[in-house]
Structures are given as C-alpha cells and as structure tokens.
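Okay, structure first, notes after.
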Amino acid sequence: MAQMDGDNLVLPEDIMTNILTRLPVKSLIRFQCVCKRWKNLFKTPSFIAEHLHHSSRQNPSLLFEDFGKSDPFCMCLLNREMQVLEVSNDPFIDFMGLWVCTFDSCNGLLCVGVASFSRSLSLLLWNPATRKLSRVPTSVSYFEDEEFFVGFGFSPSVDDYKIVKIHVPGNTGRVNQVEVYSLTTGSWKEVEFGNLNGVAMTSNGFSYNGAIFWIGSKLGVEEDEDDIDLIVSFDIAMEVFILIPLPSSPFSVTNTPYPRYLAVYDNKLALLSHTLSEDFKSSLIHLWLMEEGTCASRERWIWTKKYTSCPYLGCLLVPVTIWKDEIVCNVSTLSGPLDNIEDDQQKIVFFNLTTNEFKTFHIRKSVMGYGIFNYVESLVSVGNIHTE
C-alpha cells in the first residue's frame with residue numbers, strides 16, 4: 001500500500017522495485033539519473049536477475065544478422081508484436097572493413113567474432129540493449145591455419161558466463177585443444193578433452209540449461225568405417241565433455257547431407273532437421289526432443305520424434321531455431337536438384353507447432369541471408385568495457 005511522505009504519495013520499496021524490473025532497458029538507463037539509489041539498484045545482481053526473468057517471459061525476441069549489408073555488423077530485431085526494429089551498430093564502427101559474425105546469444109549477451117585477412121579472429125561480448133562492448137583477451141594458444149568452433153553460455157550453479165574455444169588446427173578435422181574463458185575471472189585456461197579424441201566438429205555451440213552443445217562426428221578409424229554423427233555436450237560448471245548419440249530410427253537424421261540445428265522446446269533440448277522430397281518440389285521439417293533416461297532405462301539419452309511438418313511446396317526450408325512455439329526457417333527457392341537451388345533470402349517462414357500451419361514473414365531484402373538468434377533484453381554486464 002502506498003505511504004505518505006509529507007505531501008507526496010510514496011510506493012513501498014518492494015512494489016517500486018517490482019515495477020522497475022518490468023521496464024525496458026532503455027527506460028532503466030534513462031532512469032539512472034533519477035536518483036543515486038536507483039542507479040545503484042540497477043547494478044545489483046538480484047535486480048539484474050529479476051529483470052532478466054521478466055524480460056524472458058514478457059518480450060522474447062529474434063535477432064537477425066544480415067550478411068548482405070555493407071555495414072560492419074548489421075542486425076535487426078523482431079519483437080513479440082512482430083515489429084521489425086533496427087539494432088544500433090555504433091559500437092562496431094571501429095571494425096569497418098572486417099569480417100564480423102555472431103556465434104551465440106545468451107541472457108542478452110552476444111558472443112561476436114571479428115577478423116581480417118591478416119589477423120586471427122578476436123572475440124567480443126556485446127549487450128545490444130545497454131550498447132556495451134567488451135573485448136575478450138587473446139586466448140593462450142594459436143595454431144597456423146587455425147580453425148576452431150566456439151560456444152558461449154551461462155551456468156547458474158557457478159553464476160558465470162564462459163566461452164569455449166575448440167581448436168581444430170590445419171585440415172585434420174580433429175579436436176586438438178580446448179580452451180575456456182571465464183567472464184568472472186577474465187582469463188583463459190586449457191581443459192581436458194580426452195573423450196573428444198577422433199571427434200570432428202561441424203557446428204558452433206548452442207547453450208541451454210548450464211551446458212553448451214555442438215553437433216559433431218566420431219571419425220571412422222578404418223577406411224571402410226563410417227563416421228558417426230553425435231552431439232558434444234560441455235558442462236559449464238564442471239568443465240567436462242559428454243558425447244550424446246543422435247536419434248536412430250526409420251526417420252534417422254544421422255548421415256544427412258543437410259545442416260541440423262539445436263534449439264529448446266518444452267524445456268528440452270531439441271534437434272531440428274529437414275528433408276527434400278524425391279522430386280525436389282517440396283521439403284519437410286522435423287523436430288526431435290531429448291531427455292535423460294532414468295536408472296531403469298537401458299539408454300541414458302532418449303530421443304523422441306515430436307513433429308514432422310506437412311510438405312512445403314516450392315522452397316527448401318532450413319529450420320534454425322524455435323521461437324514462441326514456432327520453428328523459424330530460412331528459405332531457399334527450389335529450382336531442381338540441390339546443385340541448382342537459387343538463393344532467395346528475402347523472407348523467413350514460421351511453422352506453428354500448435355496449428356501445424358506455415359506463415360511467411362518478410363524481414364527486409366538481403367543478398368546473402370540471415371543468422372537468426374533468440375534474444376532477450378537484459379542488464380547483464382559484458383565485463384571490462386572496451387568501448388561505449
């Protein structure tokens with residue numbers, strides 16, 4: 001209940017705090033000048049966590065990284081009301097002319113890579129809502145002809161954000177070294193990766209529930225031995241790797257020539273895949289859910305095929321994530337065999353998992369397509385600030 005302070009009506013502290021946690025970050029940044037108490041409140045871990053909780057429920061968004069623009073880093077945001085909003089790229093002005101790519105999004109932070117032809121890739125952490133950007137220190141090791149796969153995620157049990165860099169030097173395809181960066185300590189360290197021996201990575205990481213997941217392959221040792229596709233899981237708190245088999249059934253997605261993506265659905269890890277009809281005139285998208293088996297079950301990891309869409313005519317749909325009970329798909333026009341698929345990335349398609357209906361949504365014209373990420377506004381800090 002409101003209280004009187006002289007002639008003024010004052011809300012109790014807990015009610016005022018509850019209201020503030022529901023406001024957009026842009027408003028909270030402006031309100032820092034109201035009083036010192038509010039400015040300090042917005043920096044407390046409890047307020048940041050509560051604001052993130054409400055933001056995740058109230059306005060989950062999609063970020064689209066537009067590879068067709070000439071700007072160093074061009075993104076737009078699709079909010080819950082299906083409004084397309086520009087995302088300021090002012091913090092990236094210093095990176096004009098460089099290659100910029102987003103690896104993952106977690107709790108309002110983006111892990112971004114920046115590189116040129118003459119320098120190795122640098123990693124940045126960026127909060128688009130606060131417009132803060134932090135340069136991650138250079139990792140310990142560097143290999144010639146270096147290739148690596150990146151994962152970024154958060155563990156609530158240790159209250160820390162970590163970046164995982166899996167080195168695959170040369171053209172061996174095999175994991176050579178793994179380094180982990182902790183936002184809390186601000187430093188890199190090497191970690192053991194014994195069970196990744198003979199494993200080749202095929203995707204960058206996807207974070208969920210205190211772990212980071214990649215899609216990879218266990219390479220066959222003998223010439224006539226096939227590679228076995230699998231999921232590589234990294235426990236962020238324990239810093240250990242686990243290998244998880246992909247689903248095996250008459251509708252198996254193993255050994256598919258098409259890319260597969262990881263997502264979250266019904267609070268479970270989900271695997272998205274797609275197939276083409278034999279005449280190349282329609283495509284189907286598939287959703288698998290994974291859960292850990294009980295002690296009584298024979299298998300530790302149990303996959304269930306949850307959905308297969310109805311055929312989508314004339315276009316190849318590539319499902320990349322799940323947003324508000326809808327599978328979000330990039331689109332390519334089908335003009336014949338796979339070799340002749342023509343790029344047409346002016347739109348995305350949503351497949352509604354409740355109604356089993358497709359819906360086309362135009363973002364804006366793009367030459368090369370979109371990277372698509374789930375995103376929520378937050379006040380989470382990027383650490384040591386490199387630029388405002």
Side-chain angles (χ1 to χ4, degrees), residues 22 52-64 76-85 104-108 206-209 211 213 215 231 246-247 249-253 256 258-277 281-292 301-332 334 344-364 369-377:
R22 300 168 188 272
L52 175 62
H53 172 73
H54 285 295
S55 181
S56 300
R57 297 176 60 187
Q58 292 175 347
N59 194 23
S61 305
L62 284 178
L63 275 180
F64 293 82
C76 61
L77 180 146
L78 181 65
N79 66 17
R80 192 169 187 171
E81 286 72 41
M82 304 300 285
Q83 298 172 317
V84 179
L85 307 174
D104 202 1
S105 167
C106 179
N107 292 347
F206 172 81
S207 62
Y208 166 64
N209 196 27
F213 302 89
I215 295 176
I231 289 176
L246 284 174
S249 79
F251 303 98
S252 176
V253 296
T256 173
Y258 310 125
R260 290 148 294 175
Y261 291 84
L262 297 169
V264 175
Y265 181 69
D266 195 23
N267 294 319
K268 297 181 177 68
L269 185 69
L271 179 71
L272 299 169
S273 65
H274 62 283
T275 54
L276 275 173
S277 62
K281 292 183 178 180
S282 65
S283 60
L284 301 171
I285 56 178
H286 314 281
L287 168 64
W288 297 76
L289 294 184
M290 187 194 75
E291 53 190 321
E292 285 198 58
W301 311 105
I302 300 174
W303 288 96
T304 303
K305 192 165 191 185
K306 189 72 174 178
Y307 290 100
T308 292
S309 72
C310 54
Y312 189 84
L313 299 176
C315 290
L316 171 65
L317 298 185
V318 182
V320 295
T321 192
I322 296 177
W323 182 58
K324 299 194 308 177
D325 285 342
E326 293 187 310
I327 297 178
V328 184
C329 304
N330 261 323
V331 182
S332 290
L334 292 177
D344 178 16
Q345 299 288 353
Q346 300 180 35
K347 62 188 177 183
I348 57 173
V349 169
F350 294 98
F351 174 66
N352 192 299
L353 292 165
T354 302
T355 64
N356 295 322
E357 295 176 336
F358 290 103
K359 177 178 63 178
T360 301
F361 190 87
H362 291 262
I363 301 296
R364 61 186 179 196
Y370 302 108
I372 304 176
F373 304 89
N374 281 274
Y375 171 77
V376 293
E377 275 197 352

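Bear in mind the structure is a predicted one, so any value in this text is a computation, not a measurement. Computed over heavy atoms, backbone and side chain alike; hydrogens, waters and symmetry mates excluded.
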task: Kindly write out the residues that satisfy side chain to side chain contact (heavy atoms under 4.5 Å, CB included) with Ser56, not counting sequence neighbours, or none if the list is empty.
output: Leu52, Val376

Option passing side chain to side chain contact (heavy atoms under 4.5 Å, CB included) with Leu272 (candidates Val328, Val320, Ile327): Ile327

- line: Which of Ile322, Val318, Leu271, Thr321 passes side chain to side chain contact (heavy atoms under 4.5 Å, CB included) with Tyr261? Answer is Val318

query: Within the distance-only criterion (no hydrogens, no angle test), does the side chain of Ser61 pair as donor or acceptor with the backbone N or O of Asn59 below 3.5 angstrom?
result: yes

- prompt: Can Ile372 and Trp323 be said to form a side chain to side chain contact (heavy atoms under 4.5 Å, CB included), step by step?
  reply: CA-CA 11 Å; Ile372 304 176; Trp323 182 58; over 6 Å; no

task: Report the residues that fulfil salt bridge (charged side-chain N to carboxylate O under 4.0 Å, His left out) with Asp325, sequence neighbours left out, ordered by chain and then residue number.
output: none

query: What is the distance from atom CD of Glu377 to atom CD of Gln58, rounded to the nearest 0.5 Å?
result: 10.5 Å

field: Partners passing side chain to side chain donor-acceptor pair (under 3.5 Å) against Ser309 (at least two apart in sequence or in another chain)
entry: none

query: With under 30° as parallel and over 60° as perpendicular, where do the rings of Phe351 and Phe358 fit, or are they tilted in between?
result: tilted

field: Inter-residue atom distance Asn267.CG - Leu289.CG, 0.5 Å rounding
entry: 10.5 Å

- request: Decide side chain to side chain contact (heavy atoms under 4.5 Å, CB included) for Phe206 and Val264; before the verdict, give the C-alpha distance in whole Å, the side-chain angles of both, and the deciding distance to 0.1 Å.
  value: CA-CA 10 Å; Phe206 172 81; Val264 175; 3.7 Å; yes

task: Mind listing the closest non-hydrogen atom pair of Pro319 and Cys329 along with its distance?
output: CA-SG, 3.9 Å

message: If I compare all heavy atoms of Tyr312 with all of Thr360, which pair ends up nearest, and what's the gap?
response: OH-OG1, 3.6 Å

message: Rounded at 0.5 Å granularity, tell me how far OH in Tyr375 sits from CG in Leu62.
response: 12.5 Å

- prompt: Which heavy-atom pair separates Ile215 from Arg260 by the least distance, and what is that distance?
  reply: CD1-O, 3.4 Å

- prompt: When rounded to the nearest 0.5 angstrom, what is the spacing between NE2 in His286 and NZ in Lys305?
  reply: 4.5 Å

Nearest heavy-atom neighbours spanning Leu269 and Trp303: O-CZ3, 4.4 Å

message: Which heavy atom of Ser283 sits nearest to which heavy atom of Leu316, and what is that distance?
response: OG-CA, 3.9 Å

message: Once rounded to the nearest 0.5 Å, what's the spacing between atom CG of Leu63 and atom CZ of Phe373?
response: 8.5 Å

- request: Rounded to the nearest 0.5 Å, what's the gap from OH on Tyr208 to CZ on Phe213? Could you check?
  value: 8.0 Å

query: Considering residues at least two apart in sequence or located in another chain, which fulfil the side chain to side chain contact (heavy atoms under 4.5 Å, CB included) criterion with Glu357?
result: Thr355

- request: Kindly check if the number of other-residue, nucleotide or ligand heavy atoms within 6.0 Å of NZ (Lys268) is above 12?
  value: yes

query: What heavy-atom pair brings Leu353 and Tyr265 nearest, and what distance separates the two atoms?
result: CD1-CE1, 3.4 Å

- prompt: Who are the side chain to side chain donor-acceptor pair (under 3.5 Å) partners of Gln83, not counting sequence neighbours?
  reply: Asn79

- line: Sorted by chain and residue number, the side chain to side chain donor-acceptor pair (under 3.5 Å) partners of Arg80 (sequence neighbours excluded) come out as none

message: Tell me if a side-chain donor or acceptor on Trp288 pairs with a main-chain N or O of Ser273 at a distance below 3.5 Å.
response: no

